[in-house]
Structures are given as C-alpha cells and as structure tokens.
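A quick note: this is a predicted structure, and the numbers were derived from the prediction, not measured.
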Amino acid sequence: MTKQSTPGKTTGTPDNATTPDTPSVQTTTPVNAPPAMWRLKTGKASKVSKYAEGSVEYQITADVDRTTLFIAITGNEGGGYFSRERVPFPKIEACASKCDASTPFPSRSFRDAFIGRSSNNAGFIVAALRAEGLLAPAADAETQHVITGDWSVWKQSMLAVAGTLIEAADSVANTEPSPEAEHRKAPKQTATKKP
C-alpha cells in the first residue's frame, strides 16, 4: 500500500469541525475499573453515503501508555444505528492494507475492524478517516475511497496531543458495542390460546 503526504491540506471546515482536547486529568478511579484512556480529539465528519444526510461525531483516544490509538463513532445526526465501540487503529490499518492502493475501494472494506455488526459502522468510520485526511473520495466514484496522507505521521502527531485522561467508564465509547447501539430483533412472542 502506497501512502502519500498531502502537503497544505487542512481540516476543520464546518462539516469536518474538530476540537483537540485540552490537557486535564480526572482523578477518581474505582477499584477494578477498566483502564484509563487519553481522549485526544473529538470531531465531526460529513457522512459519505450518496443519500446520507447529516454528519457523524467521532472521538480519537489512546491507551494510557500512548502506544495504541482508537477511533469511536460517538454520535449520528440524521438517524441510523451504529456501534459505539473503540476501534483499535491497528485493525483499521489492517483493513486498509487489504485494499489495492491503485484502485478505489468501498466503505465495506472496513467492516472487519468492528466487533458490532451495524451496516453503518464501516461508512461512519470512513467518514472519520476522510475528516482526518487519511482517505479521500475516489475521482470516478464519490462513494468509493482512496488512501491519502501519511498514516504514520498522523499516528505520531495524534499520540503527541496532550489530551484528557479519562476513566474508561466515563468515556462515551466503550470497547464493546452497547446494546442500544446495535439494532437487534426482539424474539418472536408466541400467542397462547385461551381454552
């Protein structure tokens, strides 16, 4: 996979507004609590589907040792189910590495990065990756994507952000998908006849 830098490219347009977190620390930690995380950035990205309206909100976090990045979809304007899980960036990179760098690829290429199975997950994470300058729309097909930017430089710059230390329980996005984040069919109720 060929990775290219995009000099002079800026983000932060009204549809792709982002806000780096200011440094602060939350100090209370319950016994046996999940590990703390660094919230590095929150952002907003336009949806990529041809007929989609609105935007998605996302959060970039790092483990407490700042060795692994995570991206989570935290909000969705316009409706639609999605998983709020933190997706490890290495899983996103693994999905991208399976794509042929010379041809455009669809959003579904990122399905395997998620534990949750919402059909919107891949498209929403692609929206966040586009907002971060790591993907761009394909020239011939606006709903397909090409890899852009230098992913290694992006990772290093994100890991260098001061951020806010948060307890995992306080975070909007947990590592496992929440029950309300995924659409699940309720089991069929069988009617009982009265004698």
statement: Sorted by chain and number, sequence neighbours left out, side chain to side chain contact (heavy atoms under 4.5 Å, CB included) with Ala113 holds for Val87, Lys91, Ile92, Cys95
query: Closest heavy-atom contact between Thr67 and Leu159?
result: N-CD2, 4.5 Å
message: With rounding to the nearest 0.5 angstrom, report the CE to OG1 distance, Met37 to Thr164.
response: 13.0 Å
message: Please give me the minimum heavy-atom distance between Ser97 and Ala94, naming the atom from each residue.
response: OG-O, 2.8 Å
- request: Go through the structure and list residues passing ring-ring contact (aromatic ring centres under 6.0 Å, His included) with Phe114, not counting sequence neighbours.
  value: none
message: For Trp154 and Phe89: C-alpha separation, side-chain torsions, deciding distance, then whether ring-ring contact (aromatic ring centres under 6.0 Å, His included) applies.
response: CA-CA 11 Å; Trp154 179 85; Phe89 196 68; 5.0 Å; yes
- request: With rounding to the nearest 0.5 Å, note down the distance linking OH in Tyr58 to CG in Leu129.
  value: 9.0 Å
Where Asp100 and Ser102 come nearest, the two heavy atoms and their spacing: OD1-OG, 2.8 Å
field: Gap separating the CD1 atom of Ile115 from the OG atom of Ser83, nearest 0.5 angstrom
entry: 8.5 Å
Return a table of donor-acceptor pairs under 3.5 angstrom between the side chains of residues 104-111 and protein atoms on other chains or two or more places apart.
residue	atom	partner	partner atom	Å
Ser107	OG	His145	NE2	2.8
Ser109	OG	Pro106	O	2.9

task: May I ask you to decide if Leu135's main-chain N or O and Arg130's side chain share a donor-acceptor pair within less than 3.5 Å?
output: no
field: Pairs meeting criterion salt bridge (charged side-chain N to carboxylate O under 4.0 Å, His left out) with involvement of residues 60-78, two or more places apart
entry: Lys44-Glu77
- request: Quick one: pull up OG1 in Thr61 and CG in Leu165 and give me the separation to the nearest 0.5 Å.
  value: 11.5 Å
task: List in chain and number order the residues that pass side-chain hydrogen bond (donor to acceptor under 3.5 Å, both in side chains) with Asp140, two or more places apart in sequence or in another chain; answer none if no residue qualifies.
output: none
field: Distance (rounded to the nearest 0.5 Å) between Asn121 CG and Asp112 CG
entry: 11.5 Å
Residues that Thr103 engages under side-chain hydrogen bond (donor to acceptor under 3.5 Å, both in side chains), provided they are two or more places apart: none
- prompt: Taking only residues two or more places apart in sequence, or in another chain, which ones meet Pro90 in a side chain to side chain contact (heavy atoms under 4.5 Å, CB included)?
  reply: Thr68, Pro88, Glu93
message: Main chain of Ile73, side chain of Gln59: is a donor-acceptor contact present, judged purely on distance under 3.5 Å?
response: no
message: Within the 4.5 Å heavy-atom criterion, are Ile60 and Glu132 side-chain neighbours or not?
response: yes
message: Looking at every non-hydrogen atom in both residues, tell me the closest pair between Thr74 and Arg84 and how far apart they are.
response: O-NH1, 2.6 Å
message: What I want to check is whether the side chains of Lys47 and Asn120 have a donor and an acceptor closer together than 3.5 Å.
response: no
query: Any idea which heavy atoms bring Thr148 and Ala136 closest together, and the distance?
result: CG2-CB, 3.5 Å
- request: Looking only at non-hydrogen atoms, find the nearest pair between Leu69 and Ala62 and report the distance.
  value: CD2-CB, 4.1 Å
